[in-house]
Amino acid sequence: MRNGIELLVRRVSAIPQHSISSTFRFLPQFCSSSSASPSSKLFIGGLSWSVDEQSLKDAFSSFGEVSEVRIAYDKGSGRSRGYGFVDFAEEDDALSAKHAMDGKGLLGRPLRISFALARVRGGPVVVPRFGKQPKRDR
DNA sequence: AATGAGCGT
């Protein structure tokens with residue numbers, strides 16, 4: 001019995017933090033996005049409406065090789081939604097960029113930077129329901 | 001038309 005508990009604790013501890021964050025992203029206590037989820041991708045909030053992907057990349061290129069820059073645009077109007085993502089080739093560069101740029105102003109607006117959450121790939125998981133199945137002819 | 005936390009057409 002004791003061994004079983006120790007085994008369970010060891011297995012839970014082995015789950016990477018970023019995996020927990022993406023799995024339980026709907027629970028705020030597991031989504032401390034400002035803390036160090038190890039990733040090379042930064043979430044950049046607080047962008048001025050007028051910041052485009054090129055100027056965002058320019059603002060972060062001095063910290064290392066930027067492998068991807070995305071700004072979230074509104075589907076219909078094409079206006080910026082005021083946040084975006086900067087992905088670095090090196091995790092270290094992402095971390096130093098975060099430390100240097102978080103709270104710093106870009107075009108007059110303070111940036112809010114955290115590590116990006118893993119993009120949700122499949123959509124909501126539909127849990128199968130058991131119990132009341134419709135009667136089926138046989 | 002304007003908007004100001006957020007996690008991506």
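Side chains included, hydrogens not; waters and symmetry mates left out as well; all remaining heavy atoms used. Below, read A as the first sequence line, B as the second, and so on, with proteins coming before strands; counting in each chain starts at 1.
Atom pair A/Lys41:NZ and B/dG6:P shows a separation of 20 Å (rounding to whole Å applied). Atom CZ in A/Arg70 sits about 9 Å away from atom C1' in B/dT9, given to the nearest Å. Taking atom CZ on A/Phe85 and atom P on B/dG6, their separation rounds to 14 Å, with Å as the unit. Put simply, OH on A/Tyr73 is 16 Å from P on B/dG8, counting in whole angstrom units. Put simply, CG on A/Asp74 is 13 Å from P on B/dA1, counting in whole angstrom units. At whole-Å resolution of the value, CZ in A/Phe115 and P in B/dC7 are 17 Å apart. Between the CZ atom of A/Arg119 and the P atom of B/dC7 there is a distance of 14 Å, given to the nearest Å.
Remark: A/Ser61 pairs with no residue by the side chain to side chain donor-acceptor pair (under 3.5 Å) rule, at least two apart or across chains. For A/Ser96, the side chain to side chain donor-acceptor pair (under 3.5 Å) test picks out no residue, with sequence neighbours left out.
If you check B/dG8, B/dC7, B/dG6 against the side chain of A/Ala72, the one that comes closest is B/dG8.
Within the structure, the salt bridge (charged side-chain N to carboxylate O under 4.0 Å, His left out) test picks out the following pairs touching residues 47-67 of chain A (sequence neighbours left out): A/Glu53-A/Arg70.
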Show me the donor-acceptor pairs, under 3.5 Å and distance only, between side chains in residues 74-82 of chain A and residues at least two apart or in other chains.
{"from": "A/Asp74", "atom 1": "OD2", "to": "A/Gly76", "atom 2": "N", "distance (Å)": "3.1"}
{"from": "A/Asp74", "atom 1": "OD2", "to": "A/Ser77", "atom 2": "N", "distance (Å)": "2.9"}
{"from": "A/Asp74", "atom 1": "OD2", "to": "A/Ser77", "atom 2": "OG", "distance (Å)": "3.1"}
{"from": "A/Ser77", "atom 1": "OG", "to": "A/Arg79", "atom 2": "N", "distance (Å)": "3.3"}
{"from": "A/Ser77", "atom 1": "OG", "to": "A/Arg79", "atom 2": "NH1", "distance (Å)": "2.8"}
{"from": "A/Ser80", "atom 1": "OG", "to": "A/Gly82", "atom 2": "N", "distance (Å)": "2.9"}

Between the protein and nucleotides 2-4 of chain B, which nitrogen or oxygen pairs are less than 3.5 angstrom apart?
{"from": "B/dG4", "atom 1": "N7", "to": "A/Arg109", "atom 2": "NH2", "distance (Å)": "3.4"}
{"from": "B/dG4", "atom 1": "O6", "to": "A/Trp49", "atom 2": "NE1", "distance (Å)": "3.0"}
{"from": "B/dG4", "atom 1": "N1", "to": "A/Leu47", "atom 2": "O", "distance (Å)": "2.6"}
{"from": "B/dG4", "atom 1": "N2", "to": "A/Leu47", "atom 2": "N", "distance (Å)": "3.4"}
{"from": "B/dG4", "atom 1": "N2", "to": "A/Leu47", "atom 2": "O", "distance (Å)": "2.8"}
{"from": "B/dG4", "atom 1": "N2", "to": "A/Gly82", "atom 2": "O", "distance (Å)": "3.0"}

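Between A/Val51 and A/Ile71, the closest heavy-atom pair is O-CD1, 3.2 Å.
Other members of the cluster containing A/Trp49 do not exist, because no ILVMFWY side chain is joined to it at under 4.5 Å.
Looking at A/Lys75, its side chain has no donor and acceptor atom pair within 3.5 Å of the base of B/dG8.
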